[in-house]
Protein chains: 2
Amino acid sequence: MNAKVRLFVDQPLGMGQAVAVGPEQANYLFAVMRLTVGDAVLLFNGRDGEWLGRVQDAAKRRGVLLCEAQTAPQSLPPDLWLLFSPIRKERTNFIVEKAVELGVARVQPVTTRFNNAERWRHDKQLAHAVEAAEQCGATFVPEVADVLPLDRVLASWPPGRALLWADEALAGQSANLHGQIAPATPSAVLVGPEGGFSEEEKARLRALPFVRPISLGPRILRAETAAVAAIVLWQAAVGDWR
Amino acid sequence: MNAKVRLFVDQPLGMGQAVAVGPEQANYLFAVMRLTVGDAVLLFNGRDGEWLGRVQDAAKRRGVLLCEAQTAPQSLPPDLWLLFSPIRKERTNFIVEKAVELGVARVQPVTTRFNNAERWRHDKQLAHAVEAAEQCGATFVPEVADVLPLDRVLASWPPGRALLWADEALAGQSANLHGQIAPATPSAVLVGPEGGFSEEEKARLRALPFVRPISLGPRILRAETAAVAAIVLWQAAVGDWR
């Protein structure tokens with residue numbers, strides 16, 4: 001087997017199932033990665049687990065892969081959302097990539113008073129999330145939502161979901177979430193933009209019943225570090241890293 | 001006060017102490033940041049806490065700052081080392097920056113069988129660590145060691161220091177370190193290079209009495225993600241995030 005490619009496809013996977021690939025994936029598989037008929041590819045679609053596929057037909061702009069055996073069952077993403085305010089391109093890419101690796105169900109970029117997130121390129125970030133999932137062995141790709149104003153996200157907050165807000169005012173307090181949240185609590189983490197939240201935003205967050213301010217240690221973390229740290233703490237305390 | 005610059009200086013700080021700055025820092029303070037006489041600067045040196053300094057003399061290639069008041073006491077870095085194998089430049093920069101923000105006492109790059117770390121630029125990474133400390137409000141700068149072969153680091157391992165090794169073979173097991181390590185245990189985390197450790201290296205690590213394999217969740221993390229996750233888990237369980 002020794003598949004050197006792991007590929008997300010938006011088609012059903014199952015024993016003997018043929019998977020047609022279009023021009024872009026054919027170019028990647030057969031031109032860039034130089035796979036030929038008989039070569040192995042790992043496939044996942046976010047629903048049917050991971051499958052070993054084999055190249056049956058390899059043409060310049062299309063191809064067919066045949067599912068031979070399931071190599072991993074479908075696993076569900078831990079029920080955690082990441083809310084963050086997109087920053088410079090390189091750091092935004094980083095946040096999306098890390099959220100996929102560490103494991104979240106949904107990435108929700110938000111605009112805030114001090115960050116209008118003009119630079120959010122939704123199509124690019126979707127592709128980026130798929131690539132990260134291909135790389136890290138996940139059988140799911142987190143939902144990557146389009147950017148929304150934080151106010152609007154908070155106004156339609158789903159009942160029962162805890163929102164862990166990385167509140168800089170708590171710097172220095174305990175960051176350990178162990179025993180602090182019930183396992184299987186649907187959750188989200190919210191990290192602020194460079195420049196932080198406005199006083200108005202902070203007051204609103206503090207007043208909301210589903211918001212729980214958390215500390216991320218004694219130092220000031222950059223936005224992307226805060227995002228990663230908050231996800232790790234949640235994962236280890238109540239997520240799929242337990 | 002409202003200091004817009006936070007600066008690491010390698011000179012004593014104390015009430016009324018004058019701090020001379022050389023050509024490089026003078027250029028940064030007076031040309032780039034456009035500070036003039038009377039402007040405030042935050043200063044730290046890794047020993048005397050953080051001080052509010054005021055520009056007393058601002059010339060093209062030199063200047064003098066006067067310490068006015070201590071703004072934070074000296075805090076010690078948590079006794080954690082990070083051992084990692086330098087990877088591509090951008091991701092190595094990232095690891096050093098995050099180690100400083102999250103808090104470690106020492107960054108120790110290591111060469112391994114599958115990574116000869118030719119790209120480690122020690123002078124650049126030292127400067128990078130100082131910059132990260134200036135940015136995150138730490139009063140210390142972690143020691144950034146020059147690259148050494150992993151074998152040699154293991155051969156001269158200090159007694160009593162635990163080495164938490166991010167072992168991919170434990171993927172899926174619990175990653176929660178809460179209650180697993182005694183507080184105040186001097187520790188280090190070791191994350192592997194892209195391509196992982198060789199079988200020989202793994203066998204050696206497993207046989208060493210001070211090595212403790214740990215899991216970082218069910219997915220395969222990139223080296224820089226593993227470094228950040230391992231530091232966060234340690235910090236929350238026994239470090240200065242408790």
Side-chain angles (χ1 to χ4, degrees), chain A residues 6 72 75-78 90-91 93-94 97-104 132-140 168 170-180 183 194 214-242, chain B residues 6 72 75-78 90-91 93-94 97-104 132-140 168 170-180 183 194 214-242:
Chain A
R6 195 166 181 278
S75 63
L76 290 174
E90 167 190 295
R91 293 183 190 259
N93 287 350
F94 177 85
E97 177 183 303
K98 295 316 162 216
V100 176
E101 280 180 59
L102 298 169
V104 302
E134 288 174 344
Q135 162 111 18
C136 76
T139 54
F140 55 86
E168 288 181 2
L170 297 188
Q173 295 191 27
S174 170
N176 196 330
L177 295 178
H178 184 84
Q180 305 288 305
E194 287 180 276
I214 61 166
S215 160
L216 294 176
R219 284 165 294 278
I220 304 154
L221 303 185
R222 286 174 191 259
E224 76 276 7
T225 321
V228 169
I231 296 171
V232 169
L233 292 175
W234 187 90
Q235 282 286 32
V238 299
D240 70 8
W241 291 30
R242 263 181 308 156
Chain B
R6 195 168 181 276
S75 63
L76 291 174
E90 169 189 294
R91 292 183 190 258
N93 287 350
F94 177 85
E97 176 182 304
K98 295 315 164 216
V100 175
E101 279 180 60
L102 297 169
V104 302
E134 287 173 343
Q135 162 110 19
C136 76
T139 52
F140 56 85
E168 287 182 2
L170 298 187
Q173 296 191 27
S174 169
N176 196 329
L177 295 179
H178 184 84
Q180 304 288 304
E194 287 180 276
I214 61 167
S215 161
L216 295 175
R219 284 165 295 279
I220 303 155
L221 304 185
R222 286 175 190 257
E224 76 277 7
T225 322
V228 170
I231 296 172
V232 169
L233 293 174
W234 188 89
Q235 283 286 33
V238 298
D240 70 7
W241 293 30
R242 263 181 308 154

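Numbers restart at 1 for each chain; the letters A, B, ... are given by sequence-line order, proteins then strands.
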With chain A as the partner, which of [options] has the greatest number of non-hydrogen pairs under 4.5 Å?
| options | value |
| --- | --- |
| B:Gly239, B:Ala237, B:Ala229, B:Ala132 | B:Ala229 |
| B:Val228, B:Ile220, B:Ile231 | B:Ile220 |
| B:Gly217, B:Ala236, B:Cys136 | B:Cys136 |

Which atoms form the tightest heavy-atom contact between [X] and [Y], and what is the distance?
| X | Y | result |
| --- | --- | --- |
| B:Pro218 | A:Asp240 | CD-O, 3.4 Å |
| B:Arg219 | A:Glu101 | NE-O, 3.0 Å |
| B:Trp241 | A:Leu233 | CZ3-CD1, 4.3 Å |

Is [X] in contact with chain A via its backbone, its side chain, both, or neither, using a 4.5 Å heavy-atom distance?
| X | answer |
| --- | --- |
| B:Val100 | backbone |
| B:Leu102 | both |
| B:Glu224 | side chain |

>> With a 4.5 angstrom heavy-atom cut-off, is it the side chain or the backbone of A:Leu177 that approaches chain B, or both, or neither?
In response: neither
> Contact part of A:Gln173 toward chain B, heavy-atom cut-off under 4.5 Å: side chain, backbone, both or neither?
Replying inline: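 Contact with chain B is through the backbone of A:Gln173 alone.
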>> Suppose we screen for side chain to side chain contact (heavy atoms under 4.5 Å, CB included). Which residues come up paired with B:Ser174, at least two apart in sequence or across chains?
In response: B:Asn176
> B:Gln135: what forms a side chain to side chain contact (heavy atoms under 4.5 Å, CB included) with it, not counting sequence neighbours?
Replying inline: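 Residues passing side chain to side chain contact (heavy atoms under 4.5 Å, CB included) with B:Gln135: A:Arg222.
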